Novice: 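Next up is a structure, given as structure tokens.
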Amino acid sequence: MVRLTMDLIAKSSNHFKNKRSYSLPTYLKKLTHLNFSNRNIEDIDDLSTCRNLTVLYLYDNQISQICNLGFASNLTHLYMQNNNITHIDNLSSLQKLSKLYLGGNSITVVEGLEELGELKELHMEGQRLPSGEKLLFDPRTLLSLAESLGVLNINKNNIDDVRDLAILKKLTHFFAADNQLQDMQDLELVFSQWPQLHRMDLSGNPVCHKPKYRDRLITVCKCLNELDGKEINELSRQFLINWKASKDAKKKLKDERIMTGQITDPFTDFHMGPHPSSKYNYANVLGKRNPPGCGRPSRKVRSEHSQLDSAAMRPRTVKIPVSAGLLSDVADNAKVCGL
């Protein structure tokens, strides 16, 4: 088993070899960046001498547990993607951490980040999850990140619901491609809570095939500059926003008029024949066909009567203003009848 130790750092550091004037302890104290990616490392030993470490690269190894990093109070960037990590723990001392990369592990729950008040970026893409499971989020962790997190990457994690993420109001970049998102209304509700969102990728989700998918998201995310890898034209965005505002205003006005009885509802429109006083009324028409004492009408008269019959058969729409209460009763009756 390969362990990351002080000796391994000393043996592997070309920088230290070029500065023989430094003793090893002095060199380790001054060290700020440490790169041990792709070294088959399985465990992290005590590295407390490296107390000024700010960036640590440990990706593409065989590490199964995050440990022995409590000394790194100055650490701002931690790269541990593509390891064998199953739980997020032992990070509470890294209170200056701003970027955390844990993609490509076997983590099932995003948790244990309650003390990381400075975290700006969280990358959790492509977890190796058990069949049928999805990546979950601890509500306590989400609450603690609500005022700091700006970038969230959860691509390829079988996620079908992001409503719990609405609390992350500072998000500017959101990546959730290749998941199982399909409810457009839920997405609109969540994204309306993220006023600073500039870039988003939802490609590869079922929701992408919904009608007006792109248009609806652009109108909800008013600061979005890029969606699914395609730039958003400002002129197109403004047109869609204005169109939606006009549509909503018309709907609101119509609803208000229906409620006040100023216009009728489809329930109150009835097709009826001609009014009794109309010259096209059947009785009036028939009365003129064969006055008493007259024989068979001429061909011209019969033609006129035929035209009158045709006009009489045309239905007309009568709109009857009704109260809101009656509308409610009619609607209830329609439900009972299965209409």
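Positions are given from 1 along the sequence. Predicted, not measured: the structure shown is a model, and the values here were computed from it.
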Novice: Work out which heavy atom in His87 is nearest to a heavy atom in Glu111; give both atom names and the distance.
Specialist: CD2-OE2, 4.0 Å

Novice: Got Leu58 and Ile63 here, is their nearest side-chain heavy-atom distance under 4.5 Å?
Specialist: yes

Novice: In the structure I gave you, are the side-chain heavy atoms of Arg128 and Asn84 within less than 4.5 Å of one another anywhere?
Specialist: yes

Novice: Can you run down the side chain to side chain donor-acceptor pair (under 3.5 Å) pairs that involve residues 49-59, sequence neighbours left out, and say none if there aren't any?
Specialist: none

Novice: Taking only residues two or more places apart in sequence, or in another chain, which ones meet Asn82 in a side-chain hydrogen bond (donor to acceptor under 3.5 Å, both in side chains)?
Specialist: Asp60

Novice: Any side-chain heavy atom of Leu227 within less than 4.5 Å of one from Asp201?
Specialist: no

Novice: Working to the nearest 0.5 angstrom, can you tell me the gap between Ile154 CD1 and Leu152 CG?
Specialist: 5.0 Å

Novice: For Leu91 and Leu113, which heavy atoms make the closest approach, and how far apart are they?
Specialist: CD1-CD2, 4.0 Å

Novice: Side chain to side chain donor-acceptor pair (under 3.5 Å) between Tyr213 and Asp228: does it pass, once the steps are laid out?
Specialist: CA-CA 11 Å; Tyr213 154 77; Asp228 298 345; 2.7 Å; yes

Novice: Sub-3.5 Å donor-acceptor pair from the side chain of Trp194 to the main-chain atoms of Cys221, do we have one?
Specialist: no

Novice: Could you pull out the closest heavy-atom pair between Val110 and Met124, with the gap in Å?
Specialist: CG2-CE, 4.0 Å

Novice: Is it true that the side chains of His123 and Glu121 contain a donor and an acceptor less than 3.5 Å apart?
Specialist: yes

Novice: Looking only at atom types and distance, does a side-chain atom of Ser98 sit under 3.5 Å from a main-chain N or O of Thr76, one as donor and one as acceptor?
Specialist: yes

Novice: Would you compute the distance between atom CD of Gln127 and atom CD of Gln81 and round it to the nearest 0.5 angstrom?
Specialist: 11.0 Å

Novice: Return the CZ to CD1 distance between Phe36 and Ile44, rounded to the nearest 0.5 Å.
Specialist: 11.5 Å

Novice: Any heavy-atom pair between the side chains of Asn153 and Phe174 that's under 4.5 Å?
Specialist: no

Novice: For Glu114, does the CD atom have more than 12 heavy-atom neighbours from other residues, nucleotides or ligands under 6.0 Å away?
Specialist: yes

Novice: Are the charged groups of Lys156 and Glu125 less than 4.0 angstrom apart, N to O?
Specialist: no

Novice: Measure the spacing between NZ of Lys210 and CZ of Arg216 and express it to the nearest 0.5 Å.
Specialist: 8.5 Å

Novice: Kindly indicate whether the side chain of Gln180, heavy atoms from C-beta on, has any atom under 4.5 Å from the side chain of Ile159.
Specialist: no

Novice: Give the minimum heavy-atom separation between Gly112 and Thr141, together with the two atoms involved.
Specialist: N-OG1, 3.4 Å

Novice: With a 4.5 Å heavy-atom cut-off, do Thr5 and Asp46 have their side chains touching?
Specialist: no

Novice: Test Leu97 against every option in Leu78, Asn74, Leu69 by the side chain to side chain contact (heavy atoms under 4.5 Å, CB included) rule and name the one that passes.
Specialist: Leu78

Novice: Does this structure show an ion pair linking Asp161 with Arg163, if we count only N-O contacts that are shorter than 4.0 Å?
Specialist: yes

Novice: What are the two closest non-hydrogen atoms of Met184 and Val207, and how far apart are they?
Specialist: SD-CG2, 3.6 Å

Novice: Judged by atom type as modelled, is there a donor-acceptor pair below 3.5 Å linking the side chain of Asp183 to the main-chain atoms of Asp186?
Specialist: yes

Novice: Rounded to the nearest 0.5 Å, what separation is found between the CG atom of Leu135 and the CG atom of Asn158?
Specialist: 10.0 Å

Novice: A side-chain contact here means heavy atoms from C-beta on lying under 4.5 Å apart; do Thr26 and Lys29 qualify?
Specialist: no

Novice: Which pair of heavy atoms, one from Ile88 and one from Val109, lies closest together, and at what distance?
Specialist: CD1-O, 4.1 Å

Novice: So do the side chains of Leu28 and Met6 get within less than 4.5 Å of each other, counting heavy atoms only?
Specialist: yes

Novice: Pick out which of Asp160, Thr108, Asn157 makes a side chain to side chain donor-acceptor pair (under 3.5 Å) with Lys134.
Specialist: Asp160

Novice: Give a yes or no answer on whether the side chain of Ser203 reaches the backbone of Ala177 with a donor-acceptor pair at less than 3.5 Å.
Specialist: no

Novice: Between atom SG of Cys50 and atom NE2 of His33, what is the distance when rounded to the nearest 0.5 Å?
Specialist: 13.5 Å

Novice: Kindly check if the number of other-residue, nucleotide or ligand heavy atoms within 6.0 Å of CZ (Arg140) is above 12?
Specialist: no

